[in-house]
Amino acid sequence: MAKAPVLTPQAEDFPRWYQDVVAKAELADNGPVRGTMVIRPYGYAIWERMQAELDRRIKDAGAANAYFPLFIPQSYLEREQEHVEGFSPELAVVTHAGGKKLEEAAVVRPTSETMIDAYFAKWVQSYRDLPLLLNQWANIVRWELRPRLFLRTTEFLWQEGHTCHATDTDARAYALRILREVYEDFVVNVMAVPVFAGLKTDREKFAGAVASYAIEGMMGDRKALQMGTSHVLGQNFARVFGITYLTESGDQEFAWQTSWGVSTRLVGALIMAHGDDGGLRVPPRLAPVQAVVLLVRDEDGAGERAAALRHELAGAGVRVELDARVDVTFGRRAVEWELKGVPVRLELGPRDATAGTVSLVRRDTTAKETVPLAGVAGRVTALLDEIQTTLYEQAVARRDTNTVDAESLDAARDAAQRGFSRLAWDGSGDAEDRLAEAGVTVRCLQRADGGLPESVDESGLFAVIARAY
RNA sequence: CGGGGAGUGGCGCAGUGGUAGCGCACCUGCUUUGGGGGCAGGCGGUCGGGAGUUCGAAUCUCCCCUCCCCGACCA
C-alpha cells in the first residue's frame, strides 16, 4: 500500500524538505526567541560525535582546550577596527544587569578573539612561551536576520581555536595545517563530504584577518556551504592587545596569530549533503547509531536472538541499538530509523529465529539481504565500510558532474546558477560585483593544481563560484 | 532590515460576522505485527499576542510577535 511521502520530496521544495528532515528525524526545534534553536537528543548525539572526532584531531595538532567567559567588555571588541565594524551589526549587548544599568556594556561573544587575546597578552612573554595553541568549545551569539536551523542561528555551538606564534611563517603553516589535517580530514573522511579548500577573497574574509581559508562543500541542491574556516591574523590583534614577546636576541616583537572554527552548521551540512527523500543518511564513521537491531515480533525466541545480536555487535565495536518496541508496528519503526539515517538495519523476527538468519538493510541503497546469524558481525562491519565509501562516492559524483570550467565571467556566472564553476581569476575589476548581481559569489580561490594560495594577489589563481548558504 | 506568503488541538488543514471543525498523531480496549495495519470508544484548541469596531469577532481595523520564500549581511 503506497502511503503519502513522509517528507516533502527534495525535487519539489528543497528548503521544505530540509525542515521536514530536521523535524521528522527529531534533530531540532525552533527556540522561543527568534533565531534560537533547541537541539534534540538525536541531533545533539550527532554533534557530540562531530565534537569527539574534531577534538581528537585538534589535540593531535597540539592545541589544548580552555574556556573563556561568555561576556566580553564592549571596549575589548572596539579595539580592532575592522573587527568591530564586521561584527557590530550582529552583536547582542547587555546594558542592564543586577537591576541597574551597567557602567560598561557587556557583549555576548560573537567570537572570542578579543577576550582571549587580552589573556594571551598576559601569558605570552618569551619566545619560549610560543607557540601557544588553545581551543575552546563554546556557544556564541550573532544576531541573525535570516535564521535557519543549524545553518544560521542566532546562538550556535562551535569550536574556536586561537594561537600565537613566533613567526609569520609558523602561524601561516599552522592555519593551513588546521584546515587540512583537522577540518578537511574530518569532513572528507568522517562526514564523507568532498570539499574545495581555498582562500577567501577580501570581501569574504573574516573581519580583522590577513587571510581567511575555508573548505566549501556542495549540498544536495548544488549550493555551496562553508564547512570550516581558518584565519591568518598576522599581528593585527597582537598590536591592539599588546601580545608581545622577547625573541632569542632580546628584541620585543608582536606575536603572529591564527584563529579557526567549525560549528553546529556541520549538522546542516550533513543533512543536505547526504539526505534523500527518505530522510537523513548518516555516514557510518559519524553515526551515533551505526546499526539498529529491529525485533519484528517476539515469538519463537526472536527476542532473545535480537538481544544477543545487539550484544555481539556491540562487542565487535559497532555502535548499535536494539529496537524491541513490538507494540509499535514494524513499518512505523522501520520508517523512523530510515528518517534518522541509521546506516544498517538488522531485522529479526520469528522466521529468522527459526532459520537462524537475519535481514540486513542498507540505508544508502535500500538493498536488503538475508544472511546467517553466525558471523553477521563481520558482515555488518564490512557493510559499514561499504556504506561510508558509497556515500562519499555519491557526493563526489554530484560535485564533479556539477562543477564546470568556465572560460568567461558570463559563463561562470551562468554555470554557478546550477552548480559550481571554476574561472581563471585576476582579482582586479568589478568581477565580484557582477557575480553578486546574479546571486552568486566566489567561494574560494585555488591554485591551478588545487593548492592553497598564499595571498589573493598571487597570479594564476582560479575562483570557485557558486550560490551559497 | 526590504519585498512576498502564512500563523486555528502535537503536525497538516477547512472554516468571510452568529454554539470551533476535519485528517493524522495521542489515550483506552480488542485484533494485528516481515514496510507508516483494522474496528470501536475517548482526551485535547480562550483560533500567535494586545487594543479597537460590533448586540455578537477565528472572520473587520490598528499595533506587535513568530515562521517560511526571495534579496542585502553572515559560520
Side-chain angles (χ1 to χ4, degrees), chain A residues 1-8 13-20 23-24 26 29-36 85-91 110-111 139-160 183 200 203-207 212 214-217 224-231 259-269 278-279 294-299 302 324-339 345-355 357-359 361 366 368 370 436-439 441 467-469:
Chain A
M1 186 76 82
K3 292 282 177 186
V6 181
L7 306 167
T8 303
D13 185 341
F14 195 85
R16 185 75 184 272
W17 166 85
Y18 177 86
Q19 286 173 243
D20 285 354
K24 295 268 176 68
E26 299 180 345
D29 258 338
N30 281 305
V33 172
R34 176 181 169 77
T36 60
E85 280 170 9
F87 280 108
S88 57
E90 42 189 359
L91 294 182
T111 178
N139 60 336
I140 62 172
V141 167
R142 296 179 186 176
W143 217 260
E144 287 295 343
L145 303 175
R146 193 180 159 188
R148 293 189 77 181
L149 288 175
F150 290 114
L151 298 174
R152 194 186 295 103
T153 50
T154 280
E155 179 192 5
F156 59 93
L157 305 182
W158 77 344
Q159 146 289 305
E160 51 178 322
Y183 297 157
K200 286 291 179 183
R203 138 183 337 221
E204 300 272 330
K205 163 176 88 71
F206 176 74
S212 290
I215 51 174
E216 299 276 338
L225 181 73
Q226 179 174 307
M227 296 178 70
T229 51
S230 187
H231 312 294
S259 71
W260 26 277
V262 297
S263 72
T264 36
R265 168 178 267 198
L266 288 178
V267 178
L294 192 52
L295 174 63
V296 178
R297 215 168 355 127
D298 189 8
E299 284 168 26
R325 299 172 296 164
V326 290
D327 55 339
V328 178
T329 61
F330 171 82
R332 174 166 303 275
R333 289 182 288 147
V335 167
E336 221 174 274
W337 292 111
E338 241 165 41
L339 280 165
R345 203 164 65 241
L346 299 95
E347 302 174 355
L348 199 153
R351 287 199 319 245
D352 295 296
T354 304
T357 58
V358 63
S359 298
V361 189
T366 72
K368 192 179 244 189
T370 299
E437 285 164 13
T441 48
R467 293 176 302 148
Y469 277 94

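Just the heavy atoms: all of them, side chains too, but no hydrogens, waters or symmetry mates, feed the values below. A, B, ... follow the sequence lines: proteins, then strands. Residue 1 opens every chain.
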Quick one: label [X] by what it contacts on the DNA or RNA (base, sugar-phosphate, nothing), any heavy atom closer than 4.0 Å.
X	value
A:S359	base
A:V262	nothing
A:D352	base
A:R345	base
A:K24	nothing
A:G261	nothing
A:E347	base
A:Y469	base
A:I140	nothing

Are A:T229 and B:rA75 close enough that a side-chain N or O sits under 4.0 Å from OP1 or OP2?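 Answer no for this pair, as no side-chain N or O of A:T229 is under 4.0 Å from OP1 or OP2.
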Pairing partner of [N] (Watson-Crick or G-U wobble, both distances under 3.5 Å):
N	result
B:rA6	B:rU66
B:rC39	B:rG29
B:rC74	none

Within the sub-3.5 Å range, which N or O atoms of nucleotides 66-73 of chain B have a protein N or O partner, and how far apart are they?
residue: B:rC67; atom: OP1; partner: A:G35; partner atom: N; Å: 3.2
residue: B:rC67; atom: OP2; partner: A:R34; partner atom: NH1; Å: 2.4
residue: B:rC68; atom: O3'; partner: A:Q19; partner atom: OE1; Å: 3.2
residue: B:rC70; atom: OP2; partner: A:R146; partner atom: NH2; Å: 2.4
residue: B:rG71; atom: N7; partner: A:R146; partner atom: NH1; Å: 3.4

Could I get a table of every N or O pair under 3.5 Å where one atom is in the protein and the other is in nucleotides 4-7 of chain B?
none

Quiz question: going by heavy-atom distance under 3.5 Å, is there a donor-acceptor pair between the base of B:rG34 and the side chain of A:R333?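 No.
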Is there a donor and acceptor pair, one atom on the side chain of A:E338 and one on the base of B:rG35, closer than 3.5 Å?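 By the distance-only test, yes, there is a pair.
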Expected rows: protein N/O vs nucleotides 23-27 of chain B N/O, under 3.5 Å:
none

A:H231 and A:S259: side-chain donor and acceptor closer than 3.5 Å?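 Looking only at side-chain atoms, A:S259 and A:H231 do not form any donor-acceptor pair under 3.5 Å.
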With sequence neighbours left out, what residues match [X] under side chain to side chain contact (heavy atoms under 4.5 Å, CB included)?
X	value
A:T357	A:D352, A:A355, A:T370
A:R351	none
A:E155	A:N139, A:V141

Among B:rG34, B:rA75, B:rG36, which nucleotide has an atom closest to any side-chain atom of A:V335?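 The answer is B:rG36, which lies nearest to the side chain.
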State, with a plain yes or no, whether a side-chain heavy atom of A:V358 is found less than 4.5 Å away from one of A:E347.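 Heavy-atom side-chain distance check fails, nothing below 4.5 Å.
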